[in-house]
Number of protein chains: 2
Amino acid sequence: MTKASERNAARIAARRAREGYNVFSRLPAVYAASRSQGQQFLQLGGGLSIVEWRTLWDLHEVGPMTIRDLSAIQRADHSLLSRALPAMARKGYVTMRRDDGDGRQTIVEIAPAGRAAYDCAAPVMARRRAALREVFSEEEIAVFVGFLDRFEEFLRTPVEQVLKEESAK
Amino acid sequence: MTKASERNAARIAARRAREGYNVFSRLPAVYAASRSQGQQFLQLGGGLSIVEWRTLWDLHEVGPMTIRDLSAIQRADHSLLSRALPAMARKGYVTMRRDDGDGRQTIVEIAPAGRAAYDCAAPVMARRRAALREVFSEEEIAVFVGFLDRFEEFLRTPVEQVLKEESAK
DNA sequence: AAATATTACGTGACAAGTCATATAATTTCT
DNA sequence: AGAAATTATATGACTTGTCACGTAATATTT
């Protein structure tokens with residue numbers, strides 16, 4: 001039994017190691033860890049959720065915007081914001097008003113409570129980014145981001161095209 | 001109005017571009033795109049979900065394992081598997097049995113329907129990986145994975161430590 | 001041998017995303 | 001001007017992932 005389970009443990013370790021070079025499999029864990037760490041920092045910085053933090057940050061940096069604009073900056077589906085914003089308005093973080101010029105749009109603006117929450121979270125989050133810069137040089141970040149760009153481009157190419165080009169070889 | 005909204009559009013574009021260099025903000029979108037593409041491929045390859053595919057692949061490669069082992073290979077929480085497996089067993093993809101030697105463990109094994117589903121999905125997924133290799137050289141993948149390793153290490157350092165080291169500077 | 005600690009698994013509660021589809025407002029085309 | 005297409009938002013349904021906590025089985029210590 002010991003011999004068999006040892007052999008098995010070795011195979012499992014080998015499999016895990018091999019999958020370590022598969023970017024597709026690595027991504028979920030890395031993302032989950034990033035999200036989890038972000039949540040911990042935000043907990044110390046006043047208890048905002050990730051979506052709330054991103055939204056307040058963006059609104060603080062660029063001023064009032066539509067939901068579409070927010071989702072474009074955050075590279076996320078608009079429905080995520082569409083769902084999160086009413087609760088944020090209820091907490092007094094933001095105000096939402098229909099645009100006079102274009103009745104389809106909703107203009108979102110940071111409100112006093114949102115500004116306060118931002119001021120509380122911002123230093124902690126800034127320190128997080130600073131800590132990352134201590135581990136990665138600016139050049140390395142540029143290379144890393146370049147990989148993400150290329151990878152994302154690959155991910156956006158239509159599936160049929162990927163399959164077709166492959167079989168055409 | 002045009003002037004103001006143009007200025008605003010420029011600010012939004014600038015913000016989006018700037019955030020493009022923030023690895024923390026890029027990750028969610030890249031991961032979401034990867035997942036989404038993966039789901040599309042799997043749809044063409046018989047309709048497995050991502051968790052199902054990963055699990056069948058692992059079981060096919062290394063043989064019967066415990067839930068813990070599966071979650072270790074997949075770098076995911078055991079609860080994810082714990083929840084997914086009963087449905088997979090119901091579909092006949094896997095069998096689950098209590099380990100005789102250690103009554104806490106559940107041994108998961110691929111079953112005929114699971115083998116069939118694997119055989120159906122595997123070629124499509126292999127082509128996906130091959131397509132990636134056409135865009136990234138082996139060396140580039142190694143560098144990319146190296147970045148992921150280092151980033152993940154950063155993400156696993158305790159929050160207090162990150163904050164302390166920073167303020168100690 | 002009994003008490004204590006650890007480990008494996010299950011499960012509830014939640015966050016962050018997606019996609020598809022519906023509706024209302026605005027633009028564009030004829 | 002009216003019809004048709006586009007755009008912004010809302011909402012339902014779903015997947016992937018976490019963490020916390022409970023329970024049962026095993027391992028360790030005294």
Side-chain angles (χ1 to χ4, degrees), chain A residues 1 5 24-40 42-43 47-55 65-72 74-89 96-108 155-156 159, chain B residues 1 5 24-40 42-43 47-55 65-72 74-89 96-108 155-156 159:
Chain A
M1 183 229 149
S5 77
F24 298 118
S25 348
R26 287 298 297 276
L27 221 43
V30 173
Y31 164 65
S34 175
R35 179 154 66 116
S36 174
Q37 196 200 46
Q39 280 165 337
Q40 284 181 268
L42 285 169
Q43 205 51 49
L48 289 175
S49 76
I50 290 179
V51 176
E52 287 173 338
W53 157 249
R54 284 195 309 225
T55 302
M65 280 183 278
T66 69
I67 292 179
R68 206 87 212 172
D69 292 334
L70 279 168
S71 71
Q74 298 182 14
R75 294 168 163 81
D77 196 275
H78 68 93
S79 61
L80 185 60
L81 278 302
S82 187
R83 241 183 283 267
L85 284 166
M88 292 183 70
M96 298 167 77
R97 63 170 193 279
R98 183 124 289 176
D99 185 10
D100 288 334
D102 185 336
R104 291 168 301 182
Q105 299 185 143
T106 300
I107 308 270
V108 186
L155 295 171
R156 305 273 180 215
V159 176
Chain B
M1 184 231 146
S5 77
F24 299 118
S25 344
R26 288 297 298 275
L27 221 43
V30 173
Y31 163 64
S34 175
R35 181 155 64 115
S36 174
Q37 197 201 44
Q39 280 165 336
Q40 284 181 266
L42 285 169
Q43 205 52 49
L48 289 175
S49 77
I50 290 179
V51 176
E52 287 173 338
W53 157 249
R54 283 195 309 224
T55 302
M65 279 184 276
T66 68
I67 292 178
R68 207 87 212 169
D69 292 334
L70 280 168
S71 70
Q74 299 183 13
R75 294 171 163 81
D77 196 273
H78 70 93
S79 61
L80 185 60
L81 278 301
S82 189
R83 241 183 284 266
L85 284 167
M88 291 183 70
M96 299 167 75
R97 64 172 193 278
R98 183 125 288 176
D99 185 11
D100 289 335
D102 185 337
R104 293 166 301 181
Q105 298 184 144
T106 299
I107 309 269
V108 186
L155 295 171
R156 305 273 181 215
V159 175

Rounding to an integer number of Å, can you tell me how far [X] [atom1] sits from [N] [atom2]?
X        : N      : atom1 : atom2 : result
A/Met88  : D/dT9  : CE    : C1'   : 17 Å
A/Arg156 : C/dC19 : CZ    : C1'   : 14 Å
A/Asp102 : C/dA24 : CG    : P     : 16 Å
B/Met65  : C/dC9  : CE    : C1'   : 16 Å
A/Leu81  : D/dT9  : CG    : C1'   : 11 Å
B/Trp53  : D/dT15 : CH2   : P     : 19 Å
B/Asp69  : C/dC9  : CG    : C1'   : 13 Å
A/Leu85  : D/dT11 : CG    : P     : 12 Å

Between B/Met96 and B/Ala89, which heavy-atom pair has the shortest distance, and what is it?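 Distance-wise, the nearest heavy atoms are SD-CB, 4.2 Å.
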
Any idea which heavy atoms bring B/Ser34 and A/Phe24 closest together, and the distance?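 What the structure gives for the nearest pair is OG-CD2, 3.8 Å.
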
Classify the nucleic acid contact of B/Ser82 as base, sugar-phosphate or nothing, counting any heavy atom under 4.0 Å across all strands shown.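 Result for B/Ser82 = base.
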
Atom [atom1] of [X] and atom [atom2] of [Y]: how far apart are they, to the nearest 0.5 Å?
X        : Y        : atom1 : atom2 : answer
B/Ile67  : B/Arg104 : CD1   : CZ    : 13.5 Å
A/Gln39  : A/Leu48  : CD    : CG    : 12.0 Å
A/Ile50  : A/Gln74  : CD1   : CD    : 11.0 Å
A/Thr106 : A/Met65  : OG1   : CE    : 13.5 Å

[X] side chain: which of [options] is closest?
X        : options                : result
B/Arg104 : D/dT26, C/dA25, D/dA10 : D/dT26
B/Gln105 : C/dA8, D/dA8, D/dT26   : C/dA8
B/Arg68  : C/dC9, C/dT26, D/dT9   : C/dC9

State which residue, out of B/Asp69, B/Asp99, B/Asp100, fulfils the side-chain hydrogen bond (donor to acceptor under 3.5 Å, both in side chains) condition with B/Gln105.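 The side-chain hydrogen bond (donor to acceptor under 3.5 Å, both in side chains) with B/Gln105 is passed solely by B/Asp99 among B/Asp69, B/Asp99, B/Asp100.
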
Between the protein and nucleotides 16-18 of chain C, which nitrogen or oxygen pairs come in under 3.5 angstrom?
residue : atom : partner : partner atom : Å
C/dA16  : OP1  : A/Ile50 : N            : 2.8
C/dA16  : O4'  : A/Arg35 : NH1          : 3.0
C/dA16  : O3'  : A/Tyr31 : OH           : 3.2
C/dG17  : OP1  : A/Tyr31 : OH           : 3.0
C/dG17  : OP1  : A/Arg54 : NH1          : 3.3
C/dG17  : OP2  : A/Arg54 : NH1          : 3.1
C/dG17  : OP2  : A/Arg54 : NH2          : 2.5
C/dT18  : OP2  : A/Asp77 : N            : 2.6
C/dT18  : O4   : A/Arg83 : NH2          : 3.4

